[in-house]
2 protein chains.
Amino acid sequence: MEKKLTINDIARMAGVSRQTISRVLNNKPEVNEATRKQVLRIIEKHEFQPSLQARSMVTRKTNMIAVLLPDISNSFFAEIVRGIERTLRANKLHVFLMTSEEEIALENSFIQLAQNYNVDGMILCSPRLDEANLRKLIPRVSPVVLLNRDLDADGAACVVVDSLYGGYTATKYLIEKGHSKIGIILGPSRAYSNIQRLDGYKKALVEFGIPVEDDLIMHVEVDNKGVHKLTEQLVKKKVTAITAYNDLAAAYVIQACTDLNLKVPDDISVIGFDGSVISQFMNPALTTMSLPLFEMGQTIANTLVRMIKGDQPFERLTTIYPILKERNSTKSLS
Amino acid sequence: MEKKLTINDIARMAGVSRQTISRVLNNKPEVNEATRKQVLRIIEKHEFQPSLQARSMVTRKTNMIAVLLPDISNSFFAEIVRGIERTLRANKLHVFLMTSEEEIALENSFIQLAQNYNVDGMILCSPRLDEANLRKLIPRVSPVVLLNRDLDADGAACVVVDSLYGGYTATKYLIEKGHSKIGIILGPSRAYSNIQRLDGYKKALVEFGIPVEDDLIMHVEVDNKGVHKLTEQLVKKKVTAITAYNDLAAAYVIQACTDLNLKVPDDISVIGFDGSVISQFMNPALTTMSLPLFEMGQTIANTLVRMIKGDQPFERLTTIYPILKERNSTKSLS
DNA sequence: TTGTAGGCGTTATCAT
DNA sequence: ATGATAACGCCTACAA
């Protein structure tokens, strides 16, 4: 690492005090034009750039935003982060990335870490922390934007997907296609979104007078590994359609069906959730409840930026509605 | 944001000097056990945690690693970052994420930014910067690990995919399946890996005495949007097989073939590159040159950690060989 | 074992 | 318009 020049070095070279250098760096008006030019020349000649660390010590701003999520290789989060990063960048804010791998302890310590680094704000994607802890930690890193978590707390805003609507719409769609024996595979976490999705599923069934059968409701234990087996169980129970909690899970469902010599959608209909890139390349192309992930990322970041600026209004709660994208993995029951 | 306690506050409460607090925080031995316990009690009671910023000012270490890549939503990079993050985390290092969107100007300014934040090291994924600039910037953020770029510079190590081997192996595989009219679709950038891949393609053809036809060599202009059209052109030229520069591009190739009423692999064979998640769910499942992305991320981070520690040897150049994963998108020409 | 003084590189405040 | 001085919160070196 090259040894870095400091503002003092520049001051010495320019024959002025470091305060003047500071003024030039910060575009303060009260500097003689001649001096300013001279200083700028020296700064450029030596490609001097001030230490943001030192600056942060006094300004109390780091321009860093901590972004905490379970898994960056999950395209759901990756696409959201793309939206976040671009929007933050446009506001001269930068991303401190933290991955919790769904571990509560890591989530906890990462939020502390964010505080210790003195970030200007934090984005929490689907935190698993319980409400009490969340309420305790939020003030330390606020402002905070939460994804998929509705918490009414000071210094926090929320962007949530309406999973109830999603689960309801997907199920209703299948019912209207003539299905009544519909299996549902829910995600590994006890997350709110899963409960919501299940509620939506039930709501649709009830609305159409179809009995809710508990043994058609499946929960994945840890990750997608279990989907294959759950699909087998559902098939044994003669379902004619399955809704999965995300597109990748739906892909595993289809794979399992193929292994069981069932054709999708002829023998069984499958519907996913997310609308990630893989959904359109699967065969058959996946019918899914699609989410505007990139735009969600932008919304999240924009909300945070407004909170930070402090002079602009922001939505305490933004609700995102998934949109049914009908493709070829679903079919009318004839 | 709650107002944060400082080391001075704790010192006052404990009735000792702040230096003693510092000693306790840093586990220095020269502290009376009674004092240490007393101080620890107060620290815990108030959940005091030192400012890492202030600490960095004097220790000259931030424990932050800048990770610069073109696009986090590209599963190729996302999976690599997952490996990087986990390994860095195990070494108490953290990720400062920067996305360049393939723009050279952004790459340039992000490297500067990394310097100004005084990061402990940097990971550059497939930088587009020319060699001169790269050589100039590396010393400012070193140690640096470069992905897919072989540059022999002080303070830099490289992890590269052997694209020549990959291109060669894929092409050879197709030739041995009886294909001789083989199209190749190369990536958008003038990146080294594309040139290498083409060289491998040519090498295989030459080895088997098959003439290299320039009009079977296609370059994507900007992104995957163009793949569809290029595929049409190749089909017009009666190719029986196409190798694509990554799995997503291969997906578009297959889509284009379907649109042209060609069946894969019966009418045309397609082979991808990367072995990303989508490849196994495509229909037909994609034959591809697969890369151990997560492990590559780990290797990259591990190399950087060794460089930072300084007392451990590290590979200046690590070469990764893609592995042929034969699935159902390729077939013998009968 | 503990405390004091000084400094890391900047900006803020108050003089001049 | 410019400069001197004091912070920001911590650690290092030296003194007690």
Problem set entry | Between P of D:dC8 and CD1 of B:I7, the distance in whole Å | 14 Å

Exercise. Should A:S17 be listed as having a side-chain N or O under 4.0 Å from OP1 or OP2 of D:dG3?
Worked result: yes

Problem set entry | N/O (side chain, B:T35) to phosphate O (OP1/OP2, C:dT2) under 4.0 Å | yes

Exercise. Any side-chain heavy atom of B:L124 within less than 4.5 Å of one from B:L129?
Worked result: no

Exercise. Would you call A:R316-A:D150 a salt bridge at under 4.0 Å N-O?
Worked result: yes

Problem set entry | Minimum side-chain heavy-atom gap B:T62-A:Q53 below 4.5 Å | yes

Exercise. Are any of B:N26's side-chain N or O atoms less than 4.0 Å away from OP1 or OP2 of D:dC11?
Worked result: yes

Exercise. Which residue, B:M57 or B:R36, contacts DNA chain C at a nucleotide closer to its 5' end, judged by nearest heavy atom?
Worked result: B:R36

Exercise. Below 3.5 Å, does any donor atom in the side chain of B:R55 face an acceptor in the base of C:dG7, or the other way round?
Worked result: no

Exercise. For A:R23 and C:dG9, what is the distance between atoms CZ and P respectively, to the nearest whole Å?
Worked result: 21 Å

Exercise. How close or far is atom C1' of C:dT11 from atom CG of A:N27, stated in whole angstroms?
Worked result: 15 Å

Exercise. Closest nucleotide of DNA chain C for B:A54 versus for A:K28: which of these residues is on the 5' side?
Worked result: B:A54

For this session: Send over the distance from B:L25 CG to D:dC10 P, rounded to a whole Å.
Result: 8 Å

For this session: Would you tell me if any nitrogen or oxygen in the side chain of B:T59 comes within less than 4.0 Å of OP1 or OP2 on D:dC11?
Result: no

Seminar exercise, completed: B:Q19 CD to D:dG9 P, in whole Å, measures 17 Å

Problem set entry | A:R128/A:E107 ion pair, N-O < 4.0 Å | no

Exercise. Between C:dC14, D:dC11, C:dT11, which nucleotide has the shortest distance from any of its atoms to the side chain of A:V58?
Worked result: C:dT11

Problem set entry | Ion pair B:E101/A:R89, N-O distance below 4.0 Å | yes

Seminar exercise, completed: B:V16 has its side chain closest, among C:dG3, D:dC10, D:dT2, to C:dG3

For this session: Kindly point out which of D:dC10, C:dT11, D:dA13 is positioned nearest to the side chain of A:R18?
Result: C:dT11

Problem set entry | Residues A:E30, A:R36: salt bridge by 4.0 Å N-O rule | no

Exercise. Which whole-number value in Å describes the distance from A:I21 CD1 to D:dA4 P?
Worked result: 13 Å

For this session: Taking only the side-chain nitrogens and oxygens of A:S56, find out if one of them lies under 4.0 Å from OP1 or OP2 of C:dT10.
Result: no

For this session: Identify, between A:R60 and A:N32, the residue whose nearest nucleotide on DNA chain D lies closer to the 5' end.
Result: A:N32

Exercise. Counting just side-chain N and O atoms, does B:S51 come under 4.0 Å of either OP1 or OP2 of D:dG9?
Worked result: no

For this session: May I have the distance from B:Q53 (atom CD) to C:dG7 (atom P), rounded to whole angstrom?
Result: 22 Å

Exercise. What integer distance in Å separates A:E30:CD from D:dG3:P?
Worked result: 13 Å

